[in-house]
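This report refers to the structure that appears directly beneath it.
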Amino acid sequence: MSNRTLLLQAVRLAQAGDWHGAHQIAQAYSDPTANWIHAVLHKIEGDRWNSEYWYARTGGHHYADFDSDSAAELDAIARWLTPE
């Protein structure tokens, strides 16, 4: 399974409410997209400090980009990961 496929799986798990499953996948990788997912997961958890730590490793995404709309942000990540 490719990195992209696994990260999309992490997004789908997060969308389904499986924070732990999504977190396990996201923390297994260290590329900017995995870090973005990791940041959103900590935003969902309410851990702003940890979330901002991961946003700083995304290559340009920021905590306030989607305000508190984590669902829209997960949708954006899924679109980013889905091949055309």
Side-chain angles (χ1 to χ4, degrees):
M1 209 178 282
S2 75
N3 182 26
R4 181 176 226 113
T5 302
L6 287 169
L7 292 178
L8 184 56
Q9 181 183 6
V11 171
R12 298 297 184 218
L13 288 170
Q15 290 171 320
D18 184 354
W19 187 95
H20 181 72
H23 190 251
Q24 283 189 302
I25 295 169
Q27 71 182 1
Y29 298 93
S30 61
D31 63 76
T33 304
N35 293 342
W36 187 14
I37 295 167
H38 206 158
V40 175
L41 291 170
H42 284 288
K43 182 189 282 187
I44 291 168
E45 183 186 33
D47 185 352
R48 184 178 182 127
W49 181 91
N50 207 355
S51 180
E52 288 180 345
Y53 171 89
W54 289 105
Y55 275 108
R57 284 144 184 80
T58 65
H61 301 284
H62 304 281
Y63 187 91
D65 288 348
F66 285 82
D67 295 317
S68 59
D69 193 350
S70 298
E73 192 164 7
L74 289 171
D75 288 343
I77 298 169
R79 285 191 303 277
W80 172 260
L81 289 168
T82 303
E84 293 182 17

Write down the atom of [X], the atom of [Y], and the distance for their closest heavy-atom approach.
X: Ala76; Y: Phe66; value: CB-CZ, 3.7 Å
X: Ala34; Y: Leu7; value: CB-CD2, 3.7 Å
X: Leu74; Y: Ala14; value: CD1-CB, 3.9 Å

For His23, which residues count as a ring-ring contact (aromatic ring centres under 6.0 Å, His included) partner, sequence neighbours excluded?
Trp19, His38, His42

Listed by chain and number, what are the ring-ring contact (aromatic ring centres under 6.0 Å, His included) partners of Trp80, not counting sequence neighbours?
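Listed in chain order: nothing, the list is empty.
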
The test is side-chain contact (heavy atoms from CB on, under 4.5 Å); show your working for Ile37 and Ile25 and say whether it passes.
CA-CA 9 Å; Ile37 295 167; Ile25 295 169; over 6 Å; no

Hey, what do you get for [atom1] ([X]) to [atom2] ([Y]), rounding to the nearest 0.5 Å?
X: Thr33; Y: Asn3; atom1: OG1; atom2: CG; result: 8.0 Å
X: His20; Y: Glu45; atom1: NE2; atom2: CD; result: 12.0 Å
X: Leu81; Y: Gln9; atom1: CG; atom2: CD; result: 12.0 Å

Sequence neighbours excluded - salt bridge (Lys or Arg N to Asp or Glu O under 4.0 Å) pairs with any residue from residues 53-78:
Lys43-Glu73

Residues 25-39 vs salt bridge (Lys or Arg N to Asp or Glu O under 4.0 Å), sequence neighbours excluded, gives none

Non-neighbouring partners of Glu52 that pass salt bridge (charged side-chain N to carboxylate O under 4.0 Å, His left out), sequence neighbours left out:
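Result, salt bridge (charged side-chain N to carboxylate O under 4.0 Å, His left out) vs Glu52: Arg48.
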
Short question: side chain of His62, backbone of Gly60 - any donor-acceptor pair under 3.5 Å?
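A pair under 3.5 Å: yes.
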
State whether the side chain of Ser51 and the backbone N or O of Ala39 hold a donor-acceptor pair below 3.5 Å, judged by distance alone.
yes

Going only through I, L, V, M, F, W and Y residues with side-chain contacts under 4.5 Å, is there a path from Leu13 to Trp54?
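The answer is no; the residues belong to distinct hydrophobic clusters.
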
Set of side-chain contact (heavy atoms from CB on, under 4.5 Å) partners for Arg12, sequence neighbours left out
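Arg12 satisfies side-chain contact (heavy atoms from CB on, under 4.5 Å) with Leu8, Gln15, Ala78, Thr82 only.
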
For the pair Tyr55 and Val40, evaluate side-chain contact (heavy atoms from CB on, under 4.5 Å) and give the outcome as yes or no after the intermediate values.
CA-CA 8 Å; Tyr55 275 108; Val40 175; 3.6 Å; yes

